[in-house]
Amino acid sequence: MSKLIISGQNRLFGKVSVHGAKNSALPILAATLLCDGTSVIHNCPNLLDVNAAINILKHIGCNCTFENNTVTVAVNKLCCNQIPSCLMLKMRSSIIFSGAILARCGKVTISAPGGCELGPRPIDLHIDALKRLGADVTEKHGFIEFNAKQRLVGTEINLSFASVGATENIILAAATANGKTVIHNAAKEPEIQDLINFLNKCGAQIFGGGTDTITIYGVERLYGCVYTVIPDRIVATTYMAAAAVTGGEIMLKNVNPSHLKAINSVFEESGCTVECNENSIYIKAPVRLSRVSTIRTTIYPGFPTDAGPLVLAMLSVSNGTSVVVENIFENRFRYVDELKRLGAKIRVEGRVAIIDGVDMLSAATCKCTDLRGGAALVIAALNAKGKSVIGDIEHIKRGYENIDYNLSLLGADIKEI
Ligand code: UD1
């Protein structure tokens, strides 16, 4: 297992480019298998999760290449409609491949996703929706088999929660279904709109992205196209928090500031200067960060759950007490014990974390428990006095391309061993 060695207290300064959004790239890669011909996806981040998605595509018979952040996927004849457990477990969001494979092959078998680092992550909404679109579902020996005797049939689906993954899975299954599908209480995240934009460019007829009602008119065929993935708003938040805890001043390039409104307002409240241009954000930290009013994670356009750990790490060196309430995942605070090793003063009571800001953190040896929790440790270590060692950084590599290189370009003392 690799480690990051970080000597904190260097002020970050300079420019950094934000890579493409993991959470867009994954469903778009799943969508490519619905298309005849070749899809070319630019701005695809080189991440463990993206590689896992490419391995699923290869496993079921697609020809894929991945070079310089561009993935090409050529679909001729699919040879397999099973995602084996080893690939399912590599990436929990592999569930979104089920809708696409089912639509393309009429059948798909997946292993039930195992327990998760963020608490139970059920897939009931996915299963119910695929059933409503006409699939028979059988669960046995840890496998779930979806079978459609004929082309899937459009229908009305009311999601009891605006699940990102379930909304994507329904879109993927319904894009080539027979007739019209309407998703009520759909997720509104920018990554959903990105998936819809890709599919529409391939010939789909999907309307209402970014609202809570999405209407999909199924088409017979989709054709591969050339598409560029949107920037990753959570990676952007990570660099902003890293700048904030070091009293830094950086310019983020290749960002979409309109996706970061809820996040930017928290940085501003903490005393940072945040200036947005069309594709860039300038952030300058104050001498001392201030506490902020209670943050409640919620669905888009509210404050995203994935940004919670990053901002919590930042607030651990603010002046005063702040509170973060986690409303999406039950068990998201596992990384807090690791942050405490670095001297953070945080109490967790159920879904609530109470952060008493300290003047400065101190170096420690700690381990990543999950992707964003791992990034929170990096942010904290950049503030800490002394040399920190962060273990199990494979979690971080699921969602960040070259984080050590980018931070060192900004002046951080960081290296991977
Ligand atoms: C996606 C993102 C993840 C982000 C999350 C919430 C990807 C690859 N991942 O995950 O980074 O943190 O959205 O913004 O895009 N739920 C159910 N039943 C289901 C599905 C979900 O109860 O069938 C619950 C989950 O347990 C969770 C909540 O709904 O409590 C949100 O999950 P969901 O929006 O589906 O998140 P993901 O798509 O897994």
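In what follows, every heavy atom counts, from backbone to side chain, and hydrogens, waters and symmetry copies are set aside. Remember, it's 1-based here, ligands and their atoms both numbered in the order they're listed.
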Is it the case that [X] and [Y] place a side-chain donor and acceptor less than 3.5 Å from each other?
| X | Y | answer |
| --- | --- | --- |
| T176 | E220 | no |
| N51 | N46 | yes |
| E145 | N147 | yes |

Any nitrogen or oxygen of [X], side chain or backbone, less than 3.5 Å from one on ligand 1?
| X | answer |
| --- | --- |
| P122 | yes |
| S163 | yes |
| N23 | yes |
| L125 | yes |

Flag if over 12 foreign heavy atoms under 6.0 Å of NZ, K180: no
Which ligand 1 atoms are under 4.0 Å away from a heavy-atom of [X]?
| X | value |
| --- | --- |
| H126 | 23 (O) |
| D306 | 3 (C), 4 (C), 11 (O), 12 (O) |
| G165 | 35 (O), 38 (O) |
| V164 | 1 (C), 13 (O), 14 (O), 33 (P), 34 (O), 35 (O), 38 (O) |
| T305 | 6 (C), 12 (O), 14 (O) |
| I123 | 19 (C), 23 (O) |

Where does D124 meet ligand 1, judged by heavy-atom distances below 4.0 Å: at the side chain, the backbone, both, or neither? both
Heavy atom under 4.0 Å from ligand 1: found in I328's side chain, backbone, both, or neither? both
Check contact between P304 and ligand 1, using heavy atoms of the residue and a distance below 4.0 angstrom. no
Side chain to side chain donor-acceptor pair (under 3.5 Å), paired with Y400, selected from H19, R372, H395, K22: R372
Could you give me the CA-CA distance, side-chain angles and deciding distance for K131 and D136, then say whether salt bridge (Lys or Arg N to Asp or Glu O under 4.0 Å) is met? CA-CA 6 Å; K131 272 187 192 163; D136 288 332; over 6 Å; no
Cationic N near anionic O, under 4.0 Å, R104 to D36: yes
For F198, ring-ring contact (aromatic ring centres under 6.0 Å, His included) partners two or more places apart: Y227
Working for salt bridge (Lys or Arg N to Asp or Glu O under 4.0 Å), residues E349 and R347: CA-CA 7 Å; E349 291 171 12; R347 253 177 317 127; 3.0 Å; yes
